[in-house]
Amino acid sequence: MIKVTAIQTGTVTIKSAQAAGREGRSAVQRKIDMLKDTTWTDPLPILCYLIEHPEGRFMVDTGDTWRNSVPGYLPRWNPFYTREVLVKVAPHEEVGERLRDLGIDSARDITAVLMTHMHHDHAGGIHNFPHARFIVPRQNWKVARSLAGMVQGNLPQRWPSWLKPELIEPLASSVGPFETSYPVTTDGRIVMVPTPGHAKGHMSVIVRDTEVSYFITGDATYDEKNLRADLVDGVTYDPDVSKRSQALIRKYAASHPTIILPAHDFHAAARLAAEQVYAT
Ligand SMILES: [Zn+2]
């Protein structure tokens with residue numbers, strides 16, 4: 001028996017041109033469109049996911065931290081933080097408190113944290129899991145720690161000094177249309193698959209239960225609507241790479257009953273509660 005729970009850690013408001021870039025625009029053009037855009041999305045949920053599995057409790061991402069809501073805490077030298085994003089997380093909305101509400105001690109009760117990528121709104125809650133294994137895609141880890149990564153929404157200077165993740169690479173083991181994957185559990189029911197585009201080395205998590213699969217996309221798509229319409233965000237380093245990843249997610253969902261669980265989808269928690277699978 002596997003159970004997946006959506007956990008919301010506050011909200012993030014972004015430019016409309018980040019949520020979905022215009023078709024045909026290159027990666028660079030999309031960044032210019034984001035800076036010029038004067039329209040904003042509604043506050044989007046920042047979601048992470050708890051997986052309760054016979055081999056343990058696993059988290060996918062950790063949400064954001066209340067500190068990033070405090071004016072001046074995010075680096076001021078970076079226009080991405082000063083002009084492109086508004087984080088709102090109250091202290092009681094951090095993942096540690098959310099888990100406590102469920103009777104789970106984030107410091108002791110989590111077997112491993114699986115990171116889709118290291119952007120601030122996925123890595124902001126890492127300090128809540130001081131004793132967990134961390135599993136991070138090697139390529140994303142490398143990028144996130146570079147200067148380019150710091151410009152692009154990663155905050156390595158804020159990660160806990162104890163963070164020493166297991167850096168993984170996809171193995172030659174196919175899962176549905178994905179040619180490579182990384183098994184997390186020995187029964188193969190939790191696997192990570194490469195879904196690059198939003199960030200280099202980005203991976204998603206598939207939870208394969210008996211009747212249904214849960215596809216925890218990270219930011220490979222912000223919501224199911226964009227996935228269905230094949231819309232790519234403004235952040236992508238290559239729209240074609242993002243589209244390839246989205247096509248593989250749709251292909252997987254076409255052959256397995258699948259609940260799509262992105263990190264910023266208004267309807268993800270409701271779909272999960274209703275066990276509503278992606279209709280192809
Ligand atoms: Zn991201």
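Atom set for the values below is all heavy atoms of this structure, side chains included, hydrogens, waters and symmetry mates excluded. Numbers here simply count residues along the sequence, with the first being 1. Counting starts at 1 for both ligands and their atoms, in listed order.
Between the side chains of D61 and T116, at least one donor N or O sits under 3.5 Å from an acceptor N or O.
Screening residues 138-147 for salt bridge (charged side-chain N to carboxylate O under 4.0 Å, His left out), with sequence neighbours left out, gives R138-E169.
When the side-chain contact (heavy atoms from CB on, under 4.5 Å) test is applied to D223, the partners found at least two apart in sequence or on another chain are K225, N226, D265. Here N78 pairs with F80, Y81 under the side-chain contact (heavy atoms from CB on, under 4.5 Å) rule; sequence neighbours left out.
In this structure, R108 is not positioned above the aromatic face of F129 in the sense of NZ or CZ being under 6.0 Å from the six-membered ring centre and within 45° of the axis.
Side-chain contact between L155 and M150 is absent, with no heavy atoms from C-beta onward closer than 4.5 Å.
Under 2.8 Å from the Zn ion (ligand 1), one finds the following protein N/O/S atoms: H117 NE2, H119 ND1, H198 NE2, D219 OD2.
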